[in-house]
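Basis for what follows: all heavy atoms, side chains included, without hydrogens, waters or symmetry-related copies. For the single chain, residues carry numbers from 1 onward in sequence order. Please read all numbers here as calculations on a predicted model, not as lab measurements.
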Amino acid sequence: MIVNFATNERVRVNVRSAVNTAKVKREKRNGRDVLIVPSATLPDDVVMNGMLYPAEEIEKSYKQLERKPAPFGHPMINGKFVSASDPEGINLAWVGAWNENVRRENGRVFLDKIIDV
């Protein structure tokens with residue numbers, strides 16, 4: 001669901017993701033099966049969750065995504081987006097996934113999603 005914050009109008013949006021299954025890897029970590037899924041996020045100057053992310057701010061902070069939770073959808077509390085590391089946010093959206101191998105190339109952030117099977 002996307003909300004236009006200026007008008008509070010709600011629009012349903014269906015998003016389809018293409019996954020190159022040939023690039024998905026499976027490993028054992030601490031005796032548990034995990035999937036490693038290459039992913040891309042944060043192109044320069046993108047608006048996400050109602051906020052502009054300028055390229056220079058992304059450059060300063062993208063490495064903070066390393067080993068951060070990768071929720072299913074961005075958690076919201078009382079209608080406001082919260083960090084995926086927020087305790088309530090974790091409870092709302094945790095699916096056993098986190099980010100690793102965070103890097104920035106050609107104006108975009110790339111990372112691996114580690115998913116505990």
Side-chain angles (χ1 to χ4, degrees):
M1 185 73 63
I2 294 183
V3 177
N4 178 334
F5 294 106
T7 64
N8 205 26
E9 177 184 16
R10 296 174 186 266
V11 178
R12 179 168 298 280
V13 176
N14 294 315
V15 178
R16 181 182 294 189
S17 294
V19 175
N20 182 345
T21 56
K23 293 193 176 195
V24 175
K25 295 185 260 179
R26 189 178 203 93
E27 285 184 6
K28 280 242 190 246
R29 294 191 180 182
N30 293 315
R32 300 178 64 91
D33 290 324
V34 298
L35 296 176
I36 302 169
V37 181
S39 182
T41 188
L42 279 174
D44 286 351
D45 304 314
V46 68
V47 174
M48 289 192 327
N49 304 327
M51 291 178 52
L52 171 65
Y53 291 83
E56 57 273 7
E57 292 301 318
I58 293 170
E59 179 61 37
K60 288 185 216 173
S61 61
Y62 76 95
K63 291 179 182 177
Q64 294 175 25
L65 290 171
E66 187 71 32
R67 296 197 53 84
K68 291 290 192 249
F72 183 72
H74 202 90
M76 292 181 81
I77 297 172
N78 297 323
K80 297 192 188 249
F81 290 106
V82 297
S83 167
S85 298
D86 180 275
E88 283 186 86
I90 290 170
N91 285 335
L92 292 169
W94 178 252
V95 292
W98 64 93
N99 302 315
E100 286 187 1
N101 191 25
V102 179
R103 61 215 179 271
R104 193 158 185 272
E105 301 167 5
N106 301 318
R108 185 144 202 183
V109 174
F110 294 88
L111 44 81
D112 294 333
K113 300 283 185 198
I114 312 301
I115 304 166
D116 187 317
V117 176

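For the side chain to side chain contact (heavy atoms under 4.5 Å, CB included) with L111, the lone residue among V37, L42, T41 that qualifies is T41.
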Below 3.5 Å, can you tabulate the donor-acceptor pairs from side chains in residues 76-91 to any protein atom, sequence neighbours excluded?
| residue | atom | partner | partner atom | Å |
| --- | --- | --- | --- | --- |
| S83 | OG | S85 | N | 2.9 |
| D86 | OD1 | E88 | N | 2.9 |
| D86 | OD1 | G89 | N | 3.2 |

Would you tabulate the side-chain donor-acceptor contacts of residues 51-58 under 3.5 Å, counting partners in other chains and residues two or more places apart, or write 'none'?
| residue | atom | partner | partner atom | Å |
| --- | --- | --- | --- | --- |
| E57 | OE2 | K60 | NZ | 3.1 |

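Here the NZ-CG distance, from K23 to D112, works out to 11.0 Å after rounding to the nearest 0.5 Å. Rounded to the nearest 0.5 angstrom, K63 NZ and K68 NZ are separated by 14.5 Å.
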**Report entry** side chain to side chain contact (heavy atoms under 4.5 Å, CB included) assessment of K28 paired with D33
**Finding:** CA-CA 5 Å; K28 280 242 190 246; D33 290 324; 3.0 Å; yes
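By the 6.0 Å contact criterion, CZ on R29 is enclosed, its count of non-hydrogen atoms from other residues, nucleotides or ligands being greater than 12.
Side-chain atoms of N99 and K113, non-hydrogen and from C-beta on, do get closer than 4.5 Å to each other.
By the 4.0 Å N-to-carboxylate-O rule, R108 lies too far from D44 to be salt-bridged with it. A salt bridge does not link E27 to K25: none of the charged side-chain nitrogens sits closer than 4.0 Å to a carboxylate oxygen.
By the criterion of side-chain heavy atoms lying less than 4.5 angstrom apart, applied directly or through intervening Ile, Leu, Val, Met, Phe, Trp or Tyr residues, I36 is not grouped with F110; the two fall into different hydrophobic clusters. In the hydrophobic clustering of ILVMFWY residues, with side-chain heavy atoms under 4.5 Å counting as a link, V102 and V24 come out apart.
Applying the side-chain hydrogen bond (donor to acceptor under 3.5 Å, both in side chains) test to E59 and every residue at least two apart in sequence or in another chain returns R104.
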